[in-house]
Amino acid sequence: MSAVFDELTWRGLVASSTDEAALIEHLEAGPVTFYVGFDPTAPSLHMGNLVQLMVARAMQRAGHRPLILVGGSTGLIGDPKATGERVLNSKETVAGWVERIQQQVAKFVDFTGPAAAQVVNNLDWTESLSVLDFLRDIGKHFPVNRMLAREVVKARLEDGISYTEFSYVLLQSLDFLELNRSYGCTLQFGGSDQWGNITAGVELLRRSDGTHVHALATPLLTKADGTKFGKTESGTVWLDPEMTSPYAFHQFFLNAEDAKVVEYLKVFSERPRDEIDELARQTVEAPHRRAAQRALADDITALVHSPAERDAAVAAAAALFGRSDLAELAEPTLASLVHELQAPDLQVGAELPPVVDVLEASGVVASKSAARRAIAEGGAYLNNVRLADPEARLGDDDLLHGRYVITRRGKRTVGAVALVRATRGEDDHWEPS
RNA sequence: GGCAGGUUGCCCGAGUGGCCAAAGGGAGCAGACUGUAAAUCUGCCGGCAUCGCCUACGUUGGUUCGAACCCAACACCUGCCA
């Protein structure tokens, strides 16, 4: 049995595949060129895409060659979703996102050595393709009756689906055909929601060129209650540090449920099997220690961001959730914590602002009304001290090292502000009297 | 192009002239309990200068003391017919 297929199976990354025996044999026969695609539907990839990147890494470690496709053309069309028609993004927007995502995926694969990865863009072979060639060479292989039978399409027949989205599957299938012809690509994988698009490509290759290729799909990660994994209160967990801070990213994984943490660990940590088994055992015996959660959060943060960012996130959490008095933290520690929390500067005059303004500015609440509400509910904190009075103003005592304030809503939502005295020109450090 | 139906807060969905910032459900947030879990219970859930004011029920205009609710035009969606 192929070692890499065995590993993917053990890690729970194989939801479905084409002929398994043939695929294993193919992987054993020598280096396989494989591809996985990402459509630019946002300026950054998210945690869900990371599953595919982990598979690509495992495959490359085993000596296979990755082609990472960023969908410059498919992103212009839109993959049909069961929930309804997408809004088209402008060509300029999509092109900008393609560039950002190309840079983002680069850190996950190795571009050197015999199994060097390559990043490709499907706009390169579709932009100048004529409609007539497309309809004759590709469209001829797609029976509409079979297209209509696909799950997503069926789900949309009531509410309607545009011809644009209906045609998406042809474009993705064309990608596989093109990559097979130009790069010798013989395997495509993706999320299980892509299975229909992926197998359509396999079939196109067979019908058009008489070539037999392979496919693999990863399962959709879920939470214990069956809902999708990867959303937080503030939305999607992005890989871009500007969109989801390394601290928030680390916290997201640290808060994984006991019932699911081992499953996530297998996917997102590259630790060997015996270490993961040991962490699984600890989760059963001492769940409150959350050893598996810590390993998961640490590993994935180091990979997506950096070991330094991981250490900063761990240190920040220790300061915020530990028993240490924030006022006793040394200035450099506090400054890096404030940086980690992406604290904005808050301009203040001679008089210090009301606490509701500080809560709002720090980003832990969406509005002053929400700030008042949080205080009334007993869920708002300044420097780890619960606030009681919604009308209170900030006092000099509340400033850590003369300028920082750490805010918190509930147990986990933490923010900070750095006060800046607007009236002084040159002073960048204001001393409390 | 014609006819019919539809467009409500993050999502679904009630609401047919004042008692509507708008029922109910979902999602989300907070508190309690905990392990910065899960489950459960309770409260909250447009904004602000919070006994009040502002913005909001596709858009614009009108009727009215008063409109999410009535009228007109327009836009978009769905279905049927051409």
Side-chain angles (χ1 to χ4, degrees), chain A residues 81-88 155-165 222-237 245 247-265 279-280 282-298 301 313-324 326 337 340-341 353-357 359-382 384-393 406-415:
Chain A
K81 292 187 295 185
T83 44
E85 188 82 11
R86 290 174 190 266
V87 177
L88 289 178
R156 290 282 296 280
L157 287 179
E158 271 297 305
D159 296 327
I161 177 170
S162 67
Y163 188 74
T164 309
E165 287 192 1
T222 57
K223 295 195 281 189
D225 62 5
T227 58
K228 196 170 163 187
F229 178 66
K231 298 282 185 184
T232 67
E233 65 211 56
S234 42
T236 307
V237 178
S245 75
Y247 171 78
F249 187 84
H250 187 264
Q251 285 284 308
F252 174 77
F253 289 97
L254 190 64
N255 284 307
E257 303 159 285
D258 294 350
K260 284 286 186 172
V261 67
V262 174
E263 187 182 314
Y264 304 150
L265 200 58
L279 287 165
Q282 290 182 33
T283 297
V284 173
E285 289 179 2
H288 57 281
R289 287 185 200 277
R290 293 182 298 151
Q293 277 90 342
R294 288 179 208 282
L296 169 67
D298 287 359
T301 305
V314 170
L320 292 166
F321 292 107
R323 301 199 163 45
S324 66
L326 288 174
L337 172 59
E340 192 67 21
L341 295 173
V355 292
V356 289
D357 288 20
L359 290 170
E360 186 189 20
S362 70
V364 297
V365 294
S367 67
K368 288 177 194 169
S369 291
R372 285 173 211 279
R373 212 147 48 220
I375 294 170
E377 287 168 337
Y381 303 79
L382 224 57
N384 278 350
V385 178
R386 181 180 278 186
L387 287 166
D389 178 13
E391 302 306 325
R393 295 187 87 86
I406 308 291
T407 58
R408 195 169 101 222
R409 189 190 78 236
K411 285 187 183 119
R412 295 178 288 186
T413 310
V414 190

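Residue numbers start from 1 in every chain, and the chains themselves are labelled A, B, ... in the order their sequence lines are given, proteins ahead of strands. All heavy atoms count here, side chains included; hydrogens, waters and symmetry mates do not.
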- Sugar-phosphate only, base, or nothing, as touched by R372(A) at under 4.0 Å among non-hydrogen atoms: base
- Which part of the nucleic acid, if any, lies within reach of A256(A) when heavy atoms closer than 4.0 Å are counted: base, sugar-phosphate only, or nothing? sugar-phosphate
- Which residues satisfy the ring-ring contact (aromatic ring centres under 6.0 Å, His included) test with Y247(A), sequence neighbours excluded? none
- ring-ring contact (aromatic ring centres under 6.0 Å, His included) against Y264(A), all qualifying residues, sequence neighbours excluded: F229(A)
- Item | Listed once per pair and sorted, the salt bridge (Lys or Arg N to Asp or Glu O under 4.0 Å) pairs that draw on residues 363-377 of chain A, sequence neighbours left out | D357(A)-K368(A), R372(A)-E391(A)
- Query: Side chain of R386(A): nearest nucleotide among U36(B), A32(B), A49(B)?
  - Reply: A32(B)
- Query: Nearest to the side chain of H288(A) - C48(B), G35(B), G31(B)?
  - Reply: G35(B)
- Hey, does the side chain of R412(A) come within less than 4.0 Å of A37(B)'s phosphate (OP1/OP2), counting only N and O? yes
Nearest whole angstrom, please: distance from the [atom2] of [N] to the [atom1] of [X].
| X | N | atom1 | atom2 | value |
| --- | --- | --- | --- | --- |
| N255(A) | A37(B) | CG | P | 6 Å |
| Y381(A) | A30(B) | OH | P | 10 Å |
| F253(A) | G35(B) | CZ | P | 25 Å |

Without placing hydrogens or testing angles, list every side-chain donor-acceptor pair under 3.5 Å for residues 251-259 of chain A, not counting sequence neighbours.
unit_1: N255(A); atom_1: ND2; unit_2: Q251(A); atom_2: O; d: 3.0
unit_1: E257(A); atom_1: OE1; unit_2: A224(A); atom_2: N; d: 3.0
unit_1: D258(A); atom_1: OD1; unit_2: Q293(A); atom_2: NE2; d: 3.0

- Message: Run the side chain to side chain contact (heavy atoms under 4.5 Å, CB included) test against R289(A) and tell me which residues pass, sequence neighbours left out.
- Response: A286(A)
- Query: When you compare C74(B) with G79(B), how far apart are their P atoms, in angstrom units rounded to a whole number?
  - Reply: 22 Å
Table of protein N/O atoms under 3.5 Å from nucleotides 42-46 of chain B N/O atoms:
unit_1: G43(B); atom_1: N2; unit_2: E377(A); atom_2: OE2; d: 3.0

